[in-house]
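Residue numbering restarts at 1 for every chain, and letters A, B, ... go by the order of the sequence lines.
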2 protein chains.
Amino acid sequence: MSESTATRAYDAVLRHVEESLRSGAIKLGDRLPGERALAEQFGISRASVRHAIRSLEVMGVVRSATGSGPNSGTIVVSNPSSALGGALRMHVASHQLPLKDVVEARIMTETWALEHAAAAPWTLEQIDDARRLLEAMDDEGLPSEIFTLLDSQFHVALSALAGNVVVSTMMESMREAIRDYISDAAARQGSWEEVAQVLRAHHHRIFEAVEARDGALAARLVREHIDWFYGRAV
Amino acid sequence: MSESTATRAYDAVLRHVEESLRSGAIKLGDRLPGERALAEQFGISRASVRHAIRSLEVMGVVRSATGSGPNSGTIVVSNPSSALGGALRMHVASHQLPLKDVVEARIMTETWALEHAAAAPWTLEQIDDARRLLEAMDDEGLPSEIFTLLDSQFHVALSALAGNVVVSTMMESMREAIRDYISDAAARQGSWEEVAQVLRAHHHRIFEAVEARDGALAARLVREHIDWFYGRAV
DNA sequence: CGAGCTGTGTGGTCTGACCATAGTAGCGCA
DNA sequence: TGCGCTACTATGGTCAGACCACACAGCTCG
């Protein structure tokens, strides 16, 4: 198949960037040479260079900004969850990745993370981040969209306590992938106030189990929490 | 930040494709209008359209082929694992996602999958696919690169028995992300023959546990299997 | 010293030309 | 009528160049 085996002009740029990242020649925060310079360096057109840059953007490796000065150009970033989340969202949209499988995979990662958080060397600062989110969600005047955003951050913060960046990334990307479904579900609930009350109670109990380093309880509670929400929602 | 909030010309194409996928207006196997037609439809340049197409390619949603006839143009595909794998690989290369976390996440997904395969309604055809891979790996003349490829397919096939497409996708993408490390590790082993023997023995025991629907045993064996390989390798 | 202007380098977009590819249709010959 | 060959067409891939908007950084003037 021509597409899968043909070498494209910009592949050399992609490979070069990957190797440079691997070797440490370029690092997080570094600024790549400008598109025109890369075009000259690789002996290809600027349009082709732009294709490579676009690929790297979609993969969450770089961001681009116009202008001049240190914030302009193509900067190395680290946004794996937005990259994975965007791709997953497309495949959920195309019905190739079923929503129920995403939910189940979320349960897998969150229960794993909370179990492992029990023995992980998280700091007081980390757990306090989660606590602040928990407390922010206790505001009963919060619109559901804000609550949902805080809810997402809360879950990500708890899961991050396990200390596995890949698992956190996947968890976050899955939330991103089904973000619209979550928002729709929240907005569709008959009485948001009642639902929010239940969610808050769940969150508190989950938080307390995590803080107490009771991994088994935390995992069970988060499973029930997700089951409860999606049982109502989908 | 201009990059994250600015609307680009081709965003409309991306949104349109996503919505069309969601609504079913376009489906797996469908052929999108040509770049020139899309440019006219959206009132933007062909170069901008190409950026949207490129994004969709990186996300594993479409593939592009030159020529004419039914196989040419931009065809809707479903390659979530290559998209996720490619992105993960970049982030592993940039050292933002640690290899050890990928390995641990792999253990998480594979043990989960094998546990759940015990109660899943997989078919004889599915398990036979795995069996054929198992038997193919028993060929002692197999070069390590071929063995590694079959090994990967074997693990993916077993994990797919759980019936969760998202988990399978993630598993496959993680294998893809660290594929070069696996190949390097295999090539670096002192005596490949001895290692292959051990791997084969592990594979057989894992397969038998899965076939017998002993989820707990299968999960334990696959954990030990991965630990053993990476304990030696990294 | 501060404000405003100019210049420069950056990515974003557009236009148009050309190339390679993969069919498909039409024509000619056996 | 069937097969082979040629020409045409639509497609994505690449290139070159022009222009735009933006974000500084440096310089000049009050």
Distances under 3.5 Å only, N/O to N/O: pair up the protein atoms with those of nucleotides 14-17 of chain C.
| residue | atom | partner | partner atom | Å |
| --- | --- | --- | --- | --- |
| C/dC14 | OP2 | B/S45 | N | 2.8 |
| C/dC14 | OP2 | B/S45 | OG | 2.8 |
| C/dC14 | OP2 | B/S48 | OG | 2.7 |

Polar atom pairs between nucleotides 23-26 of chain C and protein, under 3.5 Å, N or O only, would you list them?
| residue | atom | partner | partner atom | Å |
| --- | --- | --- | --- | --- |
| C/dG23 | OP1 | B/N71 | ND2 | 3.2 |
| C/dG23 | N3 | B/S68 | OG | 3.2 |

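Remark: P of C/dG11 and CD1 of A/I53 are 7 Å apart, rounded to the nearest angstrom. Distance B/L32 CG to D/dG12 C1': 13 Å, rounded to the nearest Å. Atom OH in B/Y10 sits roughly 8 Å away from atom C1' in C/dG12 (whole-Å rounding). Nucleotide C/dT13 holds its C1' atom 13 Å from the CG atom of B/D11, rounded to whole Å. For B/E35 and C/dC19, the CD to C1' distance is 14 Å, given to the nearest whole Å. When the C1' atom of D/dT11 is taken as reference, atom CD of B/E57 falls 13 Å away, rounded to whole Å. At whole-Å resolution of the value, CD1 in A/I75 and P in D/dC24 are 11 Å apart. Distance A/R50 CZ to C/dT10 C1': 11 Å, rounded to the nearest Å.
Contact between A/S81 and A/S173 at its shortest, heavy atoms only, is O-CB, 3.5 Å. Nearest heavy atoms, B/I75 versus B/G29: CG2-O, 3.6 Å. Of all heavy-atom pairs between B/D129 and B/R132, the closest is OD1-NH2, 2.5 Å.
Electrostatic pairing of B/D128 and B/R131 counts as a salt bridge here, judged by a charged N lying under 4.0 Å from a carboxylate O.
Using a 4.0 Å heavy-atom criterion, one finds that B/R31 contacts the sugar-phosphate atoms exclusively.
For A/S55, the side-chain hydrogen bond (donor to acceptor under 3.5 Å, both in side chains) partners are B/R54, not counting sequence neighbours. Every side-chain hydrogen bond (donor to acceptor under 3.5 Å, both in side chains) that B/D138 has, sequence neighbours left out, goes to B/H204. Under the side-chain hydrogen bond (donor to acceptor under 3.5 Å, both in side chains) criterion, A/D139 pairs with no residue at all, not counting sequence neighbours. Not a single side-chain hydrogen bond (donor to acceptor under 3.5 Å, both in side chains) links B/Q96 to another residue, sequence neighbours left out.
Here CE of A/M174 is found 8.5 Å from CD1 of A/I178. Values are rounded to the nearest 0.5 Å.
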